[in-house]
Amino acid sequence: MNTTRSTHSSKAGQPGARDPFGAHLRHWRTHRRLSQLDLAQEAEVSTRHLSYVETGRAAPSREMVLRLAERLEVPLRERNALLVAAGFAPMYRQRSLDDPAMAAARRAVDLVLKGHEPFPALAVDRHWNLVAHNALVPLLMEGAAPELLKPPINVLRLSLHPEGVAPRIANLAQWRTHLLERLLQQIAATGDAVLQALHDELAAYPAPTVSHDAPVIDTALSAVAVPFQVVMPSGVLSFISTITIFGTPVDVTLQELAVESFFPADEQTAAALTALAAAQQAG
């Protein structure tokens, strides 16, 4: 698994299943802001042949479809759509993490989540719906409205909803800005209509007021990462987080899965989490 940002997609305005391959290809080429000449050079084909493929005057081979998809960095879900549009069978399977064939991947995810304790870690799908979590995550969700905790739990909605975790986020204005910018970057990369709708919903929530009681954010820390500061009975806990994705997925579900791990940003948070984990085990 590689530690990096995961970008997934479901295109806004993307051609449908019945549209020809050329329409799909043109959509992805323009979305990546490439001319036919640029893509032809990347894929090592003639501009004339690429033009013929895009206009439907020539049919691409399966190998050509996959080569163009690779050069355009098309996610696996949409590579299947490209293959079908070109008259070929889908290549990449999409299976639940509970599928026996996914047992090794599920064990890997569980090991990452469990191994991160006593610090929180969770796994989400391409739309930020909660897939799995370790024992510390429910502690951060305490106090949220029951309807926000009904599956599928969207972690971004849960974070920013006025009846979710938002009232307990000490640096809510900063964290909200960070999450919305993060979502916009993902939308820019993928054109995902579901993510766009989610962004619009989150952005419409009442803007938080700046709390003068919020802890001062360490300048050195804020220069490299935006902290997540949440108020707990033991005090304010401060975190930084990383995103982990599978490095060589050949399954749609795996490519769209991301694990977010939260690390204590100070010694007070580390000590408080260790105590919380111990109390949880004792209980």
Side-chain angles (χ1 to χ4, degrees), residues 1-97 99-106 108-109 124-127 131 185-195 243-259:
M1 298 176 80
N2 295 336
T3 301
T4 182
R5 173 177 295 276
S6 171
T7 55
H8 312 306
S9 63
S10 171
K11 298 292 180 277
Q14 183 176 350
R18 296 184 180 181
D19 287 304
F21 174 79
H24 288 263
L25 177 60
R26 183 166 54 255
H27 167 84
W28 278 99
R29 179 179 60 77
T30 55
H31 188 73
R32 297 303 187 212
R33 300 182 180 179
L34 294 174
S35 66
Q36 286 188 345
L37 176 60
D38 293 332
L39 180 56
Q41 291 176 339
E42 287 281 340
E44 299 180 346
V45 299
S46 71
T47 306
R48 182 179 182 182
H49 181 62
L50 182 64
S51 176
Y52 279 12
V53 168
E54 194 169 293
T55 58
R57 295 176 65 183
S61 65
R62 183 174 181 275
E63 291 71 22
M64 176 62 70
V65 173
L66 294 175
R67 185 191 305 178
L68 292 171
E70 179 70 25
R71 298 302 186 275
L72 289 168
E73 299 181 348
V74 178
L76 301 187
R77 179 183 296 272
E78 279 74 28
R79 292 190 194 194
N80 279 341
L82 286 173
L83 285 165
V84 171
F88 303 104
M91 179 177 176
Y92 304 99
R93 296 189 64 180
Q94 180 179 359
R95 291 164 288 200
S96 165
L97 276 180
D99 189 300
M102 300 282 278
R106 180 64 199 229
V109 172
V124 295
D125 65 15
R126 64 187 177 133
H127 293 140
V131 174
Q185 291 172 0
Q186 190 174 349
I187 293 166
T190 66
D192 192 319
V194 175
L195 289 179
I243 300 290
T244 303
I245 63 171
F246 280 85
T248 55
V250 292
D251 181 278
V252 173
T253 299
L254 282 191
Q255 188 186 61
E256 297 176 346
L257 189 71
V259 175

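Reckoned from all heavy atoms, side chains included, excluding hydrogens, waters and symmetry mates. We're numbering straight along the sequence, starting at 1.
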Which pair of heavy atoms, one from [X] and one from [Y], lies closest together, and at what distance?
X: A23; Y: P15; answer: O-CG, 3.4 Å
X: A85; Y: H24; answer: CB-CD2, 3.6 Å
X: E42; Y: R71; answer: O-NE, 2.8 Å
X: H49; Y: A58; answer: CE1-CB, 4.2 Å
X: R32; Y: L72; answer: NE-O, 2.9 Å
X: S51; Y: Q36; answer: CB-OE1, 3.5 Å

Working to the nearest 0.5 angstrom, can you tell me the gap between [X] [atom1] and [Y] [atom2]?
X: Q94; Y: D99; atom1: CD; atom2: CG; result: 11.5 Å
X: L50; Y: Q41; atom1: CG; atom2: CD; result: 11.0 Å
X: L82; Y: L76; atom1: CG; atom2: CG; result: 11.5 Å

[Y] and [X], any side-chain heavy atoms less than 4.5 Å apart:
X: H127; Y: D192; answer: yes
X: W28; Y: E78; answer: yes
X: L39; Y: L25; answer: yes
X: F246; Y: T253; answer: no
X: E70; Y: R79; answer: yes

* Asked: Once the angle between the rings of H31 and H27 is folded into 0 to 90°, is it parallel (under 30°), tilted (30 to 60°) or perpendicular (over 60°)?
  -> parallel

- For R57, does the CZ atom sit with more than 12 other heavy atoms under 6.0 Å from it, leaving out its own atoms? no

So for atom CZ, which belongs to R106, do other residues, nucleotides or ligands contribute more than 12 heavy atoms lying within a distance under 6.0 Å?
yes

Show me the donor-acceptor pairs within less than 3.5 Å that the side chains of residues 60-67 make with the rest of the protein, sequence neighbours left out.
{"unit_1": "S61", "atom_1": "OG", "unit_2": "M64", "atom_2": "N", "d": "3.0"}
{"unit_1": "R67", "atom_1": "NH1", "unit_2": "A43", "atom_2": "O", "d": "2.9"}

Walk me through it: do L254 and M102 pass the test side chain to side chain contact (heavy atoms under 4.5 Å, CB included)?
CA-CA 9 Å; L254 282 191; M102 300 282 278; 3.7 Å; yes

Only residue of D251, T244, I245, L97 satisfying side chain to side chain contact (heavy atoms under 4.5 Å, CB included) with L257 is L97

Expected output: side-chain T47 to main-chain L37 donor-acceptor under 3.5 Å | no

